Amino acid sequence: MCMASSPSRSFFLFLALLAVTTTAIQSSSTKEHTNTIHLHFYMHDDYTSYTGSKPTAIRIITMPKTSPNDTSPRTFGDMVALNNILTEGPSHKSKHVGRAQGFAVRVAEGGSVSDLSLHLVFGQGAYNGSSLTVHGRIPMDQPVRESVVVGGTSHFRFAKGYMLSKNYDYNLATGGVVEIDVYVMM
């Protein structure tokens, strides 16, 4: 005996077909629009005017040392404001591509780990007027630090990705040059 399909079986089949179609559309639209951009530059984190101009990084909160034996130039709770120059090469005389603007708070005893909030603002080339926003935990004693790209403006609207930073010629007391690679997915 053949029975007509029940309304619940038809509804279940409709939902299954809808789920498969929605997944296929989302998958194809994601693949069509994913493009990875690799950016490479150097950040000049200048606390002491080594470049001959004004400092581009400054401590705005300096916490007292918690131990007389503490020799670290940074202390837990210190806060720095950044307006660092970004260049194509490691020399501060290299072509400027933008600014790294934001702040960092020392979040570990000894002052070697920071919570970083940074805007990479591009002032030259194809990305002129665009910016990327980066956030991360920066353990300065690690050879390579990873942060997350959480968004952007203009060309980088809806961006996501990650940033790798490593010391090129850097000293925690005076600053220096940090090499940066950013991988942005659009």
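Source: prediction; values computed, not measured. Throughout, residue positions are numbered sequentially from 1 according to the sequence presented.
- R99 is listed as a side-chain neighbour of N83, based on a closest heavy-atom distance under 4.5 Å.
- Using a 4.5 Å cut-off on side-chain heavy atoms (C-beta onward), V178 and N84 make no contact.
- No path of Ile, Leu, Val, Met, Phe, Trp and Tyr side chains, each step under 4.5 Å between heavy atoms, connects Y162 with L39, placing them in separate hydrophobic clusters.
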Please evaluate residues Y170 and D45 with respect to the criterion side-chain contact (heavy atoms from CB on, under 4.5 Å), reporting the C-alpha separation (whole Å), side-chain torsions for both, the decisive distance (0.1 Å), and the verdict. CA-CA 8 Å; Y170 192 86; D45 195 28; 2.7 Å; yes
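- In the hydrophobic clustering of ILVMFWY residues, with side-chain heavy atoms under 4.5 Å counting as a link, M185 and F158 come out apart.
- E146 places none of its side-chain heavy atoms less than 4.5 Å from the side chain of V144.
- Between the R59 side chain and the V80 main chain, no donor and acceptor come within less than 3.5 Å of each other.
- Here the side chain of S114 pairs no donor or acceptor atom with the backbone of L116 at under 3.5 angstrom.
- Under the 4.5 Å side-chain criterion, counting only non-hydrogen atoms from C-beta, R145 is not in contact with R137.
- Looking only at side-chain heavy atoms (C-beta outward), T56 and Y47 stay at 4.5 Å or farther from each other.
- Classification of the H92-H44 ring pair by plane angle, with boundaries at 30° and 60°, yields perpendicular.
- Looking only at side-chain heavy atoms (C-beta outward), V182 and V149 come within less than 4.5 Å of each other.
- Using cut-offs of 30° and 60° for the angle between ring planes, the Y127 and H155 rings count as tilted.
- Across all non-hydrogen atoms, the minimal contact from V184 to A159 is CG1-CB, 3.5 Å.
- Under the 4.5 Å side-chain heavy-atom criterion for Ile, Leu, Val, Met, Phe, Trp and Tyr, V105 and I58 are members of the same hydrophobic cluster.
- The hydrophobic clustering, which links ILVMFWY residues whose side-chain heavy atoms are closer than 4.5 Å, places F156 and M163 together.
- L118 places a side-chain heavy atom less than 4.5 Å from the side chain of L82.
- Considering only heavy atoms from C-beta on, N167 comes within 4.5 Å of M140 through its side chain.
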Please test D181 against H38 for side-chain contact (heavy atoms from CB on, under 4.5 Å), starting from the C-alpha separation and ending with a verdict. CA-CA 7 Å; D181 286 284; H38 175 219; 2.6 Å; yes
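- Between the side chains of E179 and H40, at least one donor N or O sits under 3.5 Å from an acceptor N or O.
- No donor-acceptor contact under 3.5 angstrom links the side chains of H96 and T87, judged on distance only.
- With hydrogens and angles ignored, the 3.5 Å screen pairs no side-chain donor or acceptor of S131 with any backbone N or O of L120.
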